[in-house]
Structure formats: C-alpha cells, structure tokens
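Note on naming: letters A, B, ... go to the chains in the order of the sequence lines (proteins, then strands), and numbering restarts at 1 for each one. Atom set for the values below is all heavy atoms of this structure, side chains included, hydrogens, waters and symmetry mates excluded.
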Amino acid sequence: MQYRLAYLAYTDVNWCEALGTVLANDEVINGVSYRGGFPVVKKQMRQWSLRITEYADRLLKGLEEIDFSDSMKEIQRNWIGKSTGARIDFKVKSEKGTVPSMTVFTTRPDTLFGVDFMVVAPEHEMVKEITSTAQQDEVTKYLTYVESRSEVDRMAEVKKITGCFTGAYAIHPFTHKEIPIWTSEYVLAGYGTGAIMAVPCGDERDHKFAKFFKLPITNIIGKNYNGEEANPSYDAILDNSDFLNGMVMRDAIGVMADRLEQLGIGKRQVNYKMRDAGWSRQRYWGEPFPVVFRDDMPYAMAEQELPLELPTTNNFKPSGSGEGPLANLKDWIHFSPGEKRDSNTMPTHAGAAWYFLRYMDPHNDKAFAGREALDYWNQVDIYIGGSEHAVAHLLYSRLWVKVLHDLGYLSFDEPFKKLINQGKITGDSRFVYRIRGTNQFVSAGLRDKYETDPLHVDVNIVNGLELDTDAFRKWRPDFADAQFVLEEGKYLCGSAIEKMSKSKYNVVNPDDIIEKYGADTLRMYEMFLGPLEQSKPWNTNGIDGVYKFLKRFWNLFHDASGKFGVSADAPTPDELRVLHKTLKKISLDIENYSFNTCVSEFMICVNELTSLKCNKRSILEPLVIALAPFAPHIAEELWSMLGHTEMVVGARFPEYDERHLQVSAHAYPISINGKVRATMEFALDMPKEDIEKMVLASEIVKKWSEGKPPKKVIIVPGKIVNVVL
RNA sequence: GCCAAAGUGGCGGAAUUGGUAGACGCGCACGACUCAAAAUCGUGUUCCUUCGGGAGUGAGGGUUCGAUUCCCUCCUUUGGUACCA
C-alpha cells in the first residue's frame with residue numbers, strides 16, 4: 001500500500017444470489033452455477049488489486065535472461081500483450097449532450113480515415129448516457145443479455161455477432177463526419193479505453209460486424225481491399241485519407257500520431273493487455289489482508305503487529321452478502337471501536353509466489369528469511385511445473401520477487417533460473433447432463449433432446465460409463481433428490497480426457513499400485529510412460545514390464561535358488577561394453593531429462609547381462625549406483641547386500657569410459673534410390689572410393705541397376721550408402 | 001475466438017546433427033516347464049502381397065540423393081484464457 005502496489009477498486013465478480021456466494025469462472029456453466037444450476041450475474045465489489053501492470057515492461061524484459069521454453073515465454077509475452085499506438089479523442093453528439101467526448105485506443109492511427117463506426121463496451125458508463133430515446137428499449141434489452149454472459153463466453157463465441165446502435169454519433173476529428181456509435185460485447189471494458197474506432201476494411205472483427213449489420217465500408221487501401229475480407233496489412237498505400245494519401249501505412253502511423261499530438265486530440269500510448277491482478281477472494285483459506293479500515297479508509301497495519309493470522313472458526317459458509325466467511329466473525333472484524341478488518345483473503349497465488357524463499361530459512365522469527373540464507377540459496381535452479389501455470393502463478397511469482405528485490409530484500413530479481421514444463425497426467429473424466437433449471441439428469445445418449453449443462457461426476461461412482469445412481473444421490477447434498485432419464489434402463493455418462501484434477505473428480509489414487517508393486521515400480525513406471533514434457537493419460541497397462549525388469553535386475557545378484565552372490569572375476573570386454581554403453585546413455589539422458597529412455601536402456605542392459613550370465617561385482621556395482629535415482633529402495637537394499645555400510649545415495653555416480661565402446665566397423669545400409677536393399681560391413685577407416693567400388697560390385701546393386709551405370713553414389717562415413725540409379 | 005503444445009503399429013512410446021522408422025515395454029499368438037494353472041523362459045508380431053515386391057510417422061503439397069526430423073496449407077486432440085489450485 002505504501003508503495004501503491006496494492007489498491008482498492010470496484011471490479012466485476014460472478015455473483016450467485018441463490019448460493020449467496022461469489023463463483024470462479026469455471027464454477028459457472030452457461031450462465032448458471034455449477035452447484036444447483038442457479039442464475040449467476042456480474043456484480044461490482046470493492047476488492048484489492050495488485051498493480052502488476054506497473055511491472056509489465058520489466059516482466060517482459062526479464063524473459064530474456066531466464067531459461068524458460070520459447071513457448072512459455074511466448075505465452076507470457078502475449079499475456080502481457082504490449083502494444084504501441086495512440087489514444088484519440090472524438091467529440092460526441094447525443095440527445096442529452098452530457099458526454100462531450102469519447103476516447104479510443106488504437107494501434108493503427110494511420111487508418112483514422114477508414115473509420116465507419118465506433119463501438120463501446122456494453123459495461124462502459126457512457127452507454128447509458130448517450131443512448132437516444134428511440135434506441136432505449138433495444139439497448140436495455142441488449143445490456144440484459146450481455147450481463148448473463150461470462151467473459152469467457154464472450155471471447156469464445158466470436159463468430160456470434162451481437163450489438164446494438166446507441167443512437168449517438170461521434171464526430172470525425174478531420175472530416176467532421178458523423179460516425180454512429182454502437183455497443184457490442186466484442187469490445188471488452190477492461191482493455192484499452194473500453195471503446196474502439198472500427199475500421200472494417202483493415203480489421204477482421206470490425207469487418208464481420210459491418211457485414212452482419214450491413215454498415216457501409218470505406219476503402220482506404222484501394223485494390224488491397226477486395227470487399228470480402230479485411231486486410232490488416234501495414235504495407236498498403238493509403239487512399240481516401242486526406243493528408244495521408246499515397247503514404248505507406250507503416251510510415252503513416254507516426255505522421256498521424258504527430259498530427260494528433262499537435263492538435264491536442266490524441267497522444268501516443270503504450271498499452272498492455274495484462275490487467276492488474278484481482279487479489280481479493282471471498283473464501284476462508286487464504287492470507288487475511290494486514291490492513292485496518294478507519295472511516296472506510298484502509299491503513300496498513302504496523303510492522304510490529306504482523307503477522308495477521310487467519311482466525312480459527314468452524315463456520316466456513318459464505319456470509320450471504322457477497323462477503324467471505326470471515327465476515328461472520330464479528331469480533332474479529334470489529335476488533336476495536338471504530339476499526340474494522342477486511343473480510344477478504346488472498347488467493348493461493350499469494351503464498352505460491354514466494355514460499356520457496358521461506359524454505360531457505362524456515363525457522364527465522366525476525367524476517368521471512370535472513371539475507372545470508374537468501375544469498376546462499378539464491379534463485380531456484382530448476383523449477384519443474386506444468387504449463388497451466390504459465391500466466392498466473394509464474395507471473396505473480398516473478399512480480400513478487402521483483403518487488404522484494406526493489407525493496408532491497410533480495411539480490412536477484414527473477415525467482416526461477418530454469419523452468420521445465422512436465423506434462424500433465426491426464427484423467428478420464430465422466431459427465432452427467434443436467435436439464436437446465438431442474439435437478440433432472442439425462443443419460444448421455446439422449447441429451448440432445450433437452451437443453452442440458454454438463455457436470456463432472458466422480459469417476460469412482462461410475463462403472464465404465466454407467467453411473468451408480470444411488471451413489472450419485474449420496475455423493476452431494478444438492479443431488480439427494482436427483483431424477484434420472486435413463487436409456488435402456490441405465491444412466492450412461494459422457495467422457496473426456498482432461499487433466500487430472502480434484503475439481504474434475506477424475507483423480508486416481510496410486511496407493512493401490514504401491515501396495516501391489518511397490519513404490520520403486522510406480523516411480524519407474526511413471527518415468528517410463530513417456531517424455532517428461534508430454535501429457536499422457538493415466539493407464540497402468542504397461543506396469544508389469546517395469547515390475548519384471550526390477551525382478552530381473554534383482555536376479556542378476558541372486559542364483560536360481562534365490563541366494564545372494566556376486567563373482568569377483570575380472571569382466572570380459574563384452575560385459576564392459578554393456579556396462580559403459582548403459583552408463584553413457586543414462587548420463588546423457590539424465591542431463592536431457594529424458595527419463596523414459598533411461599528406463600529402456602536399463603532394460604536393454606539387464607537383458608544383455610542376463611544372456612551373458614554376468615554376476616560380476618565390477619559390472620553390477622556401478623549399475624546399482626546408476627539405478628539408485630530411479631529405484632531407490634531396491635538400489636539401497638542391493639548396495640547394503642554388496643557389503644556397503646554407507647548409503648548408495650552418497651556414492652559417486654560412475655563415469656563411462658569411451659575406450660570400452662570403440663568399434664572398428666559399421667554395417668552400412670545399402671540403399672538404392674533411397675530404399676534400403678541390403679547391409680554391408682566396412683571398416684570405419686576404409687576410404688570412400690574403396691567402399692564405392694565394393695558396393696557397385698555387389699550382387700544387390702547389379703540386380704537393381706541391370707547393368708546401367710549409377711547416376712550418383714552418396715557415401716556418408718559411419719552412416720549410410722545411397723546409390724542413385 | 002485468441003495464445004501454446006502434441007499427432008508414429010492393437011496400446012505407451014524410440015529414432016541425440018536430415019541418414020536402416022517402429023528400440024524398450026504392454027498386449028496378442030505359438031512353444032517349453034506343469035496333472036493343470038499361475039509364475040518363469042524362448043520364438044514371432046506395422047499393413048498389404050500374386051512372396052518379386054509395394055505402401056507407411058494426422059491429411060495434402062514442397063525442398064533434398066535421402067524427410068518422423070526442414071518449409072507451406074489444412075484437420076484433430078490437449079492446456080491456458082485472469083476467482084479451480
């Protein structure tokens with residue numbers, strides 16, 4: 001607060017009157033609440049916001065120095081959404097005349113002469129003030145419709161074009177033409193100025209809008225506009241544009257901006273798509289705000305009064321007024337006469353943004369962490385996390401660390417040096433279909449006959465696709481008197497592969513697998529499933545393979561009767577080759593976080609050592625160390641059986657030795673016109689000319705060439721031979 | 001819609017720099033052991049085929065002696081989309 005990083009503002013929330021609570025966007029489906037199916041409307045509430053926009057530019061620049069994937073950086077760049085352009089003021093002509101002007105933001109001031117209409121966000125205050133008597137009914141109807149739609153709906157259904165003329169006009173600053181002002185949900189109140197100038201010949205959305213409502217379209221780019229599709233080019237030559245005529249659009253942007261600034265009717269501006277972060281939640285679990293209100297003005301609590309802890313209660317229900325559960329604790333809220341606490345709590349993002357700093361010095365009772373510890377541990381070296389955190393958590397955490405850096409608490413200003421996005425384990429979700437406005441559920445095959453909203457249902461009360469309807473009624477109180485429309489006597493659920501998540505009720509608990517196969521098998525199987533970065537559905541079909549591998553590895557150390565015993569004999573070159581090939585592959589793959597191929601390599605190694613009947617200590621001992629990160633329990637057990645008293649986790653990782661891997665010859669695939677027809681073995685140091693002679697003399701080439709000389713012979717040493725006929 | 005990622009046998013996946021597509025595992029088939037089963041071991045397993053060969057990495061095109069890999073267009077699936085955490 002002292003640094004103007006946190007401020008109070010009125011922002012929109014999803015308000016459900018029937019539940020008496022505020023809902024998250026994903027708790028709202030088609031304008032009704034997930035629980036109960038009650039109507040949800042937008043409501044303004046006074047909430048805390050964090051001024052993350054003030055850091056937009058630094059968050060953008062900071063991306064250059066951290067090791068995140070390109071796609072992750074791209075997502076953050078787009079989210080921050082820096083765009084340069086200009087604000088332009090238009091005079092407004094309306095019946096009441098109370099609104100003298102409107103301001104729009106545009107990245108394309110060069111297209112100012114192509115403006116055919118203006119669009120104002122439905123939430124914009126001026127809509128009510130400029131609407132003419134003739135248009136009043138229609139506008140009111142439209143605003144009611146918009147209120148029922150979530151922002152996600154509005155962005156998702158861009159193809160659905162809606163809007164309404166307000167009856168007012170803007171005056172073009174140069175031509176003084178009257179431009180109709182419309183309102184439409186495709187203009188978002190939260191971005192820019194909440195109003196745009198529409199240039200249909202250059203902007204796809206404006207173009208579709210103009211076509212839909214049959215508005216005239218001014219062409220300012222000559223033959224570069226075909227009348228069918230908008231052309232967002234920067235390179236076209238301007239036409240119908242007064243003093244900009246003949247200029248390339250790219251150059252005209254600056255010329256127009258200069259002119260607007262000279263005339264005082266516009267200004268260059270950098271705009272960010274990113275909005276300030278809404279930081280209030282009407283929930284119990286979360287950090288309470290360390291502020292006190294006196295005469296409705298917030299004051300930060302004194303440092304010696306901190307931390308403000310979450311009060312204990314058994315009443316987690318919402319207050320009913322839109323405030324969170326803390327509002328029920330009257331003694332806590334009104335803790336002293338004339339003073340009042342905030343009933344909101346912070347989102348989970350708050351703690352997630354900086355908890356790792358506390359981990360560096362968890363017992364410190366003077367500060368969140370001592371400077372010495374912070375400097376010692378420094379940034380997080382590798383952060384493995386899902387890409388779903390790309391824009392929320394990861395940006396908040398970066399913001400938080402920058403703020404703490406600016407306040408002098410940290411020597412670094414980026415929290416994570418390197419980020420790896422592990423894939424999500426996806427689950428197989430099940431859905432039931434609630435008939436809109438009822439507590440009646442229709443089986444998946446019949447849902448097209450009704451207007452329904454899909455709801456997630458716990459996979460544990462569904463057998464295959466068939467819902468256990470009794471269990472469903474018991475599952476949650478609001479379903480106790482649910483009615484079902486069955487097909488062939490059964491209730492069948494819909495299904496989808498989605499990320500595994502509590503909120504989607506598709507979580508599978510791994511305890512049963514650990515019970516049956518052990519934690520080592522589960523751990524290795526998860527690695528074996530596929531690349532770390534890739535999402536994959538949870539499926540235990542292949543787990544037997546990993547289990548068998550661990551048994552076979554164990555068997556290398558045991559004789560047929562199960563008695564432990566390793567040989568002290570010297571290893572053969574074959575055995576050494578197997579060991580060092582494995583060590584090399586494992587070492588390189590660990591560096592690349594390619595754990596699935598490590599597991600494959602271990603399997604190959606065990607297969608080969610089993611057929612070599614190798615039980616030599618000099619081969620097996622290094623393998624136990626290499627296996628330890630993958631199957632720690634078995635590795636520790638074998639390590640101790642090998643006579644060690646220290647733990648294997650402390651052992652030095654074995655290094656591979658290229659000397660055991662050298663080969664002198666390569667089996668060259670002989671391809672003819674790109675198709676492999678045979679293989680021939682040649683020494684690696686054999687000159688190309690000799691290889692060519694021998695290949696051309698071979699039976700297989702003679703067969704395909706039918707005596708004709710080849711057009712070309714390509715020899716890649718150590719790789720392949722290709723004969724082009 | 002927008003932003004991002006991914007599409008390879010019946011299934012999970014491999015192919016590190018453009019160089020033998022399908023490693024490794026599951027599943028399946030057959031065989032050994034067994035009274036039998038389980039477990040274990042062995043062999044085979046991309047598809048089509050007139051058994052010569054042909055096709056083949058989501059679809060279509062391109063570059064190249066050679067493309068899962070590079071380029072263009074399209075399709076599908078998944079994640080995010082600001083109060084799920």
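The pair Arg283(A)-Glu27(A) meets the salt-bridge criterion, with a side-chain N (NZ, NE, NH1 or NH2) lying under 4.0 Å from an Asp/Glu carboxylate O. No salt bridge links Lys563(A) with Asp559(A); every basic N to acidic carboxylate O contact stays at or beyond 4.0 Å.
Sparse packing is recorded around CD of Glu54(A), with 12 or fewer heavy atoms of other residues, nucleotides or ligands lying under 6.0 Å away.
Taking the six-membered ring for Trp and thresholds of 30 and 60 degrees, His393(A) and Tyr383(A) have ring planes more than 60 degrees apart, a perpendicular arrangement. By the 30° and 60° cut-offs, the orientation of the rings of Phe595(A) relative to Phe630(A) is perpendicular.
As judged by a 4.0 angstrom heavy-atom cut-off over every strand, Val716(A) is placed among the base-contacting residues. Within the 4.0 angstrom heavy-atom criterion, no nucleotide atom of any strand lies near His393(A). In this structure, Val391(A) reaches the sugar-phosphate backbone alone: every heavy-atom distance under 4.0 Å involves primed, P, OP1 or OP2 atoms, never a base. When heavy atoms are screened at a 4.0 angstrom cut-off, Ser280(A) is found touching base atoms of the nucleic acid. Note on Met274(A): a base of the nucleic acid sits closer than 4.0 angstrom, heavy atoms only. Within the nucleic acid shown, Val13(A) comes within 4.0 Å of at least one base atom, counting heavy atoms only. No contact: Arg77(A) has no heavy atom under 4.0 Å from any strand. No engagement by Lys584(A) is indicated, since no non-hydrogen atom pair under 4.0 Å with the nucleic acid exists. Within 4.0 Å (heavy atoms only), Gln76(A) reaches no atom of the nucleic acid at all.
Across A82(B), U20(B), G13(B), the shortest atom-to-atom separation from the side chain of Pro531(A) is found for G13(B). Considering only the side chain of Phe528(A), C24(B) comes nearest among C24(B), C83(B), A4(B). The side chain of His389(A) sits closest to A85(B) out of A85(B), G13(B), G19(B). Minimum atom distance to the side chain of Thr679(A) is reached by U20(B), of the listed C3(B), C83(B), U20(B). When distances are taken from the side chain of Trp79(A) to each of C24(B), G19(B), A82(B), the shortest belongs to A82(B). Proximity note for Asn14(A) (side chain, C-beta onward) versus C83(B), U20(B), G25(B): the nearest is C83(B).
OP1 or OP2 of A14(B) lies within a sub-4.0 Å distance of a side-chain N or O belonging to Asn596(A). Taking 4.0 angstrom as the limit, Arg281(A) places a side-chain polar atom (N or O) nearer than this to OP1 or OP2 of C83(B). OP1 or OP2 of G25(B) has at least one side-chain nitrogen or oxygen of Asn607(A) nearer than 4.0 Å.
Mapped onto RNA chain B by nearest heavy atom, Ser671(A) and Ile604(A) fall at different nucleotides, with Ser671(A) at the one closer to the 5' end. When the nearest nucleotides of RNA chain B are assigned to Glu533(A) and Thr597(A) by heavy-atom distance, the more 5′-ward of the two goes with Glu533(A).
Nearest heavy atoms, Ala626(A) versus Leu583(A): CB-CD2, 4.0 Å. The two residues Ala353(A) and Ser397(A) come nearest to each other via the heavy atoms O-OG, 2.8 Å.
Aromatic ring centres of Tyr55(A) and Trp400(A) lie farther apart than the 6.0 Å criterion allows. Taking the ring centroids of His456(A) and Phe431(A), they lie under the 6.0 Å cut-off. Here Tyr396(A) and Trp279(A) bring their ring centres to under 6.0 angstrom of each other. The six-membered or imidazole ring of Tyr7(A) lies away from that of Trp48(A), with a centre-to-centre distance of 6.0 Å or more.
In this structure, the side chains of Gln47(A) and Val13(A) come closer than 4.5 Å at one or more pairs of heavy atoms. Here the side chains of Ile52(A) and Met274(A) are in contact, with some heavy-atom distance below 4.5 Å.
Screening residues 712-725 of chain A for side chain to side chain donor-acceptor pair (under 3.5 Å) gives Ser671(A)-Asn722(A) as the qualifying pairs, with residues at least two apart or on separate chains.
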Any N/O pairs under 3.5 Å between the protein and nucleotides 6-9 of chain B? List them or say none.
none

Please tabulate, one pair per line, each protein N/O and nucleotide N/O from nucleotides 63-72 of chain B that are separated by under 3.5 Å, including the distance.
residue: C65(B); atom: O2'; partner: Asn722(A); partner atom: ND2; Å: 3.3
residue: C65(B); atom: O2; partner: Asn722(A); partner atom: ND2; Å: 2.6

Between the protein and nucleotides 38-43 of chain B, list the N/O to N/O atom pairs that are separated by less than 3.5 angstrom.
residue: C41(B); atom: OP1; partner: Arg552(A); partner atom: NH1; Å: 2.8

Check nucleotides 52-56 of chain B for protein N or O atoms closer than 3.5 Å to its own N or O atoms and list the pairs.
residue: G53(B); atom: OP1; partner: Lys703(A); partner atom: NZ; Å: 2.9
residue: G54(B); atom: OP2; partner: Arg677(A); partner atom: NH1; Å: 3.0
residue: G54(B); atom: OP2; partner: Arg677(A); partner atom: NH2; Å: 3.4

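In this structure, the CG atom of Asn506(A) is 17 Å from the P atom of A85(B), given to the nearest Å. At whole-Å resolution of the value, NZ in Lys585(A) and C1' in A15(B) are 9 Å apart. Atom OH of Tyr186(A) is separated from atom C1' of U81(B) by 20 Å (rounded to the nearest Å).
The C1' atoms of A4(B) and U49(B) are separated by 44 Å, rounded to the nearest whole Å.
Stem regions for RNA chain B, each three or more consecutive Watson-Crick or G-U pairs with both distances under 3.5 Å and listed by first number, read B:1-7 with B:75-81, B:10-12 with B:24-26, B:27-32 with B:40-45, B:46-48 with B:53-55, B:58-62 with B:70-74.
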